[in-house]
Amino acid sequence: MKTEIIDLRNNSDEEIFKKLQEYYLDNKLIAIPTETVYGLSADASSEDAVKKIYLAKGRPSDNPLIVHFYKISQVSPIVEIDNAYVKKLIDNFWPGPMTLILALKNKNLISKSVRAGLDTLAIRMPNDNIARKILKHTKLLLAAPSANISGKPSPTKFEHVYNDLNNKIDVIIKGNDSHIGLESTVIDCTKFPFVVARPGSITLKDIEKLLGEGNIVYNKENNMEKPASPGMKYRHYSTNGDLIIVDEKLENILEKLRLKNNKFALITYKKYKNLLKDTPFKVKYLAEDEENIEEANKNLYNILRECDIENIEEIYILKLKETDKNKALLNRINKASSKK
Ligand code: TXA
Ligand code: MG
C-alpha cells in the first residue's frame, strides 16, 4: 500500500477536509497529529475500519481504543456524562490531554471493536489545532490509538509515524510535533472514587484540586489481573536495546561506563554537560534539569527512538524520585525498562 502524505501545517482548504471525510467513510486509516502523541484514526462507527487499526498496529484485540470528538453533543447520546464531577472535569480539561472512561448509554453508535466488547467507552476531545480541524470538518467520531507499532514508543513527530507505518496505512497527516509528548491522562469515571488509570500531564493533584480530596485515586499499578486500563498490562514503549535505570550518583556511573565496550548511551540532564565533555559514548539530554518535567515529557519518546536508529544496545538513565508531577514520565520510563 502506498501511503499518501498530506501536510496540513499551512493548508486548511475545505477541499482537503472533504477528501479526508470521504477517506474515513471509505474505511481508510489516517494518522493525525494531536497534542499528546500522533494517533492512528478511523471512523469509530465502522467495524471494518476499526479492525484495520488493530491489524496495522499489531494491537491485541482486547485492548480498547479512545474515541476522539469535536463537541460534547456528539458523545452525549453515547456515554453517561450526567454527573457533577464528570462535568467539572470536562469544563476544566477539555479540549486537552484527558481521556474519560464512561458508562455506555447506546451501544449502536460505536463499533464494538472500539471498546473491545466492554460496556464502557474511553473518549477524548484533543486540542491540537489540526486534529480539531479534522474532527470539525469531517463531523465524525474517530477511534485512535497512538500511531506506532504496538510495543514501540508512541510517536511525537511526523517522522516517527512515517518510520513505523509508511506503506501500512492510507494517509499520514504531517502536523507539528506533539507539544506534550506523553499520552493523555486516563480517568475511569465508572468507579468511585474516580481512578487515574494511566498517569499523564494532568496530574492526580490537578484533578484533586478540582474534585476534592478522596474523590480521585491512582490505580494500583501492580494489580495487573484487573488493570483499570487493559492497555496497561501489555509491553510498552520498548527500545530494541535495554533501558537500564541506575540508582547511583552520575560521577560513579561514569566510572563504570568507561569500562564498558558495547554500544551504549546515557540519558541525563543538560546541567551535567560539563561533567560529560569527553565521554566516549553517546549522551542524550532529557531536559535542562530534573525540575523541567514538561521538557522531559516532550523529549522522552524521541530519545528512545533515536537510540533505536543508532543501534544502541544499552541505554542508561538515572533513577528519579517520584513526585506528583513526574509520575507519568516515570511510569513510561519504568515500563520501557521492564519490557513487560
Ligand atoms: O493521548 C492519547 O490518549 C493518545 C492520542 C492519540 O489521543 N491515544 C492513546 O491511545 O494513547 P492508546 O490506544 O495508545 O491508549 C489507550 C489507553 C489504553 O491503555 C487502553 O487500554 C485504555 O486507554 N482504554 C481505552 N478504552 C478503555 C475502556 N473502555 N476501559 C478501560 N481502558 C480503556
Ligand atoms: Mg499506545
Side-chain angles (χ1 to χ4, degrees), residues 29-42 44 50 53-54 56-69 78-80 93-104 107 110-128 130-132 134-135 141-156 160-161 164-165 173 175 178-191 194-202 219 221 224 226-238 297 301 328 331-332 335-336:
L29 297 188
I30 306 180
I32 60 170
T34 91
E35 72 278 22
T36 55
V37 301
Y38 273 68
L40 178 56
S41 69
V50 171
I53 294 182
Y54 284 91
K57 274 185 65 100
R59 181 181 178 104
S61 60
D62 67 346
N63 188 6
L65 310 179
I66 298 170
V67 169
H68 297 69
F69 65 96
I78 303 173
V79 287
E80 197 52 73
F93 297 122
W94 272 345
M98 172 183 79
T99 294
L100 297 182
I101 298 172
L102 297 164
L104 256 191
K107 289 192 172 172
I110 290 289
S111 122
K112 194 174 173 185
S113 297
V114 170
R115 51 192 166 82
L118 299 174
D119 50 14
T120 56
L121 186 71
I123 60 170
R124 177 163 105 83
M125 184 197 274
N127 76 9
D128 175 89
I130 293 174
R132 275 184 75 69
I134 294 171
L135 288 162
L141 294 170
L142 298 179
S146 48
N148 51 298
I149 296 292
S150 259
K152 292 265 138 213
S154 294
T156 56
H160 299 165
V161 183
D164 275 17
L165 296 174
I173 302 291
S178 301
H179 79 262
I180 291 176
L182 294 184
E183 305 83 347
S184 61
T185 305
V186 178
I187 307 173
D188 188 344
C189 305
T190 67
K191 308 200 172 76
F194 288 179
V195 175
V196 174
R198 180 176 68 186
S201 59
I202 296 174
N219 173 41
E221 274 180 41
M224 282 306 161
K226 223 174 172 298
S229 208
M232 300 301 272
K233 73 177 184 236
Y234 288 109
R235 186 176 159 181
H236 265 108
Y237 323 116
S238 302
N297 288 352
Y301 290 148
N331 168 270
R332 306 315 193 271
K335 278 182 184 287

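Atoms within each ligand, like the ligands themselves, are counted from 1 in listed order.
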At the 4.0 Å heavy-atom cut-off, does Arg124 count as touching ligand 1? yes
Which ligand 1 atoms are under 4.0 Å away from a heavy-atom of Asn63? 18 (C), 20 (C), 21 (O)
Could you tell me, atom by atom, which parts of ligand 1 come under 4.0 Å of a heavy atom of Ile101? 30 (N), 31 (C), 32 (N), 33 (C)
Atoms of ligand 1 less than 4.0 Å from Pro145 heavy atoms? 10 (O), 12 (P), 13 (O)
Donor-acceptor pair, distance only, cut-off 3.5 Å: does the side chain of Tyr38 make one with the backbone of His160? no
CG/Leu165 to CD1/Ile149 distance, rounded to the nearest 0.5 angstrom? 5.0 Å
Ligand 1 atoms nearer than 4.0 angstrom to some heavy atom of Leu65 are 25 (C), 26 (N)
Short question: side chain of Ser146, backbone of Asn148 - any donor-acceptor pair under 3.5 Å? no
Asp188, portion touching ligand 1 at heavy-atom distance under 4.0 Å: neither
Which ligand 1 atoms are under 4.0 Å away from a heavy-atom of Ser184? 1 (O), 2 (C), 3 (O)
Looking at Glu35 and His179, would you say the former's side chain and the latter's main chain have a donor-acceptor pair under 3.5 Å? no
Look at Ser146 and state whether any of its N, O or S atoms is less than 2.8 Å from the Mg ion (ligand 2). yes
Checking the side chain of Lys57 only, and the main-chain atoms of Ala147 only, is there a donor and an acceptor separated by less than 3.5 Å? no
Which of the numbered atoms in ligand 1 are under 4.0 angstrom from any heavy atom belonging to Ile66? 3 (O), 8 (N), 9 (C), 10 (O), 16 (C)
If we count only N and O atoms by modelled type, under 3.5 Å, do the side chains of Thr36 and Ser184 hold a donor and an acceptor together? no
Nearest 0.5 Å please: distance from the CD1 atom of Ile78 over to the CD1 atom of Ile123. 8.0 Å
Counting distance only, does the side-chain N/O of Asp119 pair as donor-acceptor with the main-chain N or O of Leu104 below 3.5 Å? no
Just jot down the ligand 1 atoms closer than 4.0 angstrom to any heavy atom of Thr36, in number order. 1 (O), 2 (C), 4 (C), 5 (C)
Quick one: does ligand 1 sit under 4.0 Å from the side chain of Thr120, the backbone, both or neither, non-hydrogen atoms only? both
Given Ala103, Pro97, Pro64, which has its nearest heavy atom closest to atom 24 (N) of ligand 1? Pro64
Would you check if there is a donor-acceptor pair between the side chains of Arg124 and Thr34 at a distance under 3.5 Å? yes
So which bit of His68 gets within less than 4.0 Å of ligand 1, heavy atoms only: side chain, backbone, both or neither? side chain
Donor-acceptor under 3.5 Å (Arg332 side chain, Pro153 main chain): no
Counting heavy atoms only, which part of Arg59 comes closer than 4.0 Å to ligand 1: side chain, backbone, both or neither? side chain
Considering the heavy atoms of Leu118, write down every atom of ligand 1 situated less than 4.0 Å from one of them. 28 (C), 29 (N), 30 (N)
